[in-house]
Number of protein chains: 2
Amino acid sequence: MADINFNEMIRPSGERSAEPAAGTDPRPPRWDIVELLFFAYRDFVGDADHVLEAFGFGRAHHRVVHFVCRYPGLTVADLLDVLRITKQSLSRVLKQLLDEGYIVQKAGDSDRRQRLLFATAKGEALVEKLARLQTERIDRALRDLGPGGAETVGKFLRAMIDRDDPDKVLQTILHGGAIAKDVT
Amino acid sequence: MADINFNEMIRPSGERSAEPAAGTDPRPPRWDIVELLFFAYRDFVGDADHVLEAFGFGRAHHRVVHFVCRYPGLTVADLLDVLRITKQSLSRVLKQLLDEGYIVQKAGDSDRRQRLLFATAKGEALVEKLARLQTERIDRALRDLGPGGAETVGKFLRAMIDRDDPDKVLQTILHGGAIAKDVT
DNA sequence: AATTTATGTCAGCCATGTTGACATATCAGG
DNA sequence: CCTGATATGTCAACATGGCTGACATAAATT
């Protein structure tokens, strides 16, 4: 039932780009990596999706509570930068997370217009539960890489990210440690 | 404007899991990789998104035309397995791609109920345009990895994918070459 | 002839993204 | 202190791309 049509011999058509086409294009498409990224990410987020369903949440909720948990005191504006979605989309899921007690707000000290966001114990528990699932998959994948494998993968992923206009969270991730800034 | 709230010293809260909590949990969350995957995939698909917009297409269209182009003769059922979406969702975008001449259908030889899918020249051009963009990013990222970097990354991504019940396309990707099967 | 399979299609729902407009509170500068 | 810029919240309306269930058709299988 799952295997129909096997007599029609399917073969990746990209093999033809093995022909060095007059030496004009120096970089043949990385079909393999492109597709592996698709499948890997699909299964990676799939882990969390199943659990989230039981909570009545979606991926959007996960992303919000995850970053709030990891970077306590994040403001709404920061979150918009990180997620690259609109205020509307964010406020919908953020409101639910606030109402259901996964996140709390606190007015900023220096600027009382800001709403600093913090995950509650409930929120942290959810984030950790999901991170544990995803970490299992990552550890499993890193295990059969030689030593230095994790470093190589980390370097690769960092290099895949756009560097122009990095937001606060991205800065922290890319350049490690807390962000020191001499304002105030 | 983009840098508000820097006096509230944000620091990843995951550092606390550096405390070996009574030695019970042998695997601390891989916060770094989890988040790098998010940012890397976001920017990776972002490349294609901009181009697709100009064509009036979305990510869904890209996935369909990509796999059809790469694995000519794919059936509708195969595509459903690969994308893991429903017939409805697929038929919506597939119809558009057929109508606009990016894909053509052909009845199967051995089973005339099947619709074998093929990308047209127009479809191939689009897929290659998008793949070129994504390949640029990948090449850039692989460049500053030592030798063997590409292999390591490939191994990692493969290991991130679920192995239970792999569909036809996944089989081809994971175990290389065409699928030989002794039916008929 | 009867059943199963591969596909297409219809109606409608939900989650999550978008825009634009507008209200409120607060900060910051003249 | 007033004024304008800023941070946030909210409303209405819409698009995309998932989903379900029901049903139709044609072709294969038994």
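If you're wondering where the values come from, they're calculated on a predicted model, not measured in any experiment. Numbers restart at 1 for each chain; the letters A, B, ... are given by sequence-line order, proteins then strands.
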Are B:Asp43 and A:Arg84 ion-paired here, with the side-chain N under 4.0 Å from a carboxylate O? yes
Report the nucleotide, chosen from D:dT8, C:dT7, C:dG17, that has the shortest atom-to-atom distance to any side-chain atom of B:Arg115. C:dT7
Using the side-chain heavy atoms of B:Asp111, tell me which of these nucleotides is nearest: D:dA27, C:dT18, C:dT7. D:dA27
Nucleotide C:dA11, atom C1' - distance to NZ of B:Lys87 in whole Å: 14 Å
Which nucleotide sits closest to the side chain of B:Ile85: D:dT8, D:dG18, C:dG17? D:dG18
Which of the following nucleotides, C:dT9, C:dT16, D:dC19, is nearest to the side chain of A:Val93? C:dT16
Answer with base, sugar-phosphate or nothing: what part of the nucleic acid does A:Lys95 contact at a heavy-atom distance below 4.0 Å? sugar-phosphate
Between C1' on C:dG17 and CG on B:Leu52, what's the gap in Å once rounded to a whole number? 16 Å
Strictly below 4.0 Å: does B:Arg112 bring a side-chain N or O up to OP1 or OP2 of C:dT5? no
What is the distance, rounded to the nearest whole Å, between atom NZ of A:Lys168 and atom P of D:dA7? 11 Å
Counting only side-chain nitrogens and oxygens, does A:His61 get under 4.0 Å of the OP1 or OP2 atom of C:dT16? yes
Tell me: CG of A:Leu90 to P of C:dT18, nearest whole Å? 10 Å
Ignoring hydrogens and angles, answer whether the base of C:dG17 and the side-chain atoms of A:Arg92 contain a donor-acceptor pair closer than 3.5 Å. yes
Determine, for A:Lys168 against A:Asp81, whether the closest basic-nitrogen to carboxylate-oxygen distance falls under 4.0 angstrom. no
Under-3.5 Å donor-acceptor pair between A:Gln114 side chain and D:dT8 base: no
How many whole angstroms separate atom CG of A:Asp109 from atom C1' of D:dA7? 16 Å
At less than 4.0 Å, is any side-chain N or O atom of A:Ser89 found next to OP1 or OP2 of C:dT18? Yes or no. yes
Scan A:Gln96 against the nucleic acid and name what it touches under 4.0 Å (heavy atoms): base, sugar-phosphate only, or nothing. nothing
Can you label the angle between the B:Tyr41 ring and the B:Phe44 ring as parallel, tilted or perpendicular, going by 30° and 60°? tilted
Please give, in whole Å, the distance from D:dC19 P to B:Leu80 CG? 10 Å
Tell me which nucleotide among D:dC19, D:dG18, C:dT16 gets nearest to the side chain of B:Ala60. D:dG18
What's the closest nucleotide to the B:Thr86 side chain, out of C:dT19, D:dC19, C:dC27? D:dC19
Verify the ring-centre separation between B:Phe38 and A:Phe67: is it less than 6.0 angstrom? yes
In this structure, how many angstroms lie between the C1' atom of C:dT7 and the CG atom of B:Asp81, rounded? 14 Å
Whichever of A:Arg113 and A:Phe57 has its nearest DNA chain C nucleotide further upstream toward 5': A:Phe57
In this structure, how many angstroms lie between the P atom of C:dG8 and the CG atom of B:Leu94, rounded? 7 Å
For a quick test of reading the model: is some side-chain N or O of A:Arg59 closer than 4.0 Å to OP1 or OP2 of D:dG17? no
Give one of base, sugar-phosphate or nothing for A:Gln105, where a contact means two heavy atoms less than 4.0 Å apart. sugar-phosphate
Nucleotide nearest B:Gln88 when distance is taken to its side chain, options C:dT19, C:dT26, C:dA11: C:dA11
Salt-bridge contact A:Arg137-B:Asp162 (side-chain N to carboxylate O under 4.0 Å): yes
Indicate, with yes or no, if the rings of A:Phe118 and A:Tyr102 have centres closer together than 6.0 Å. no
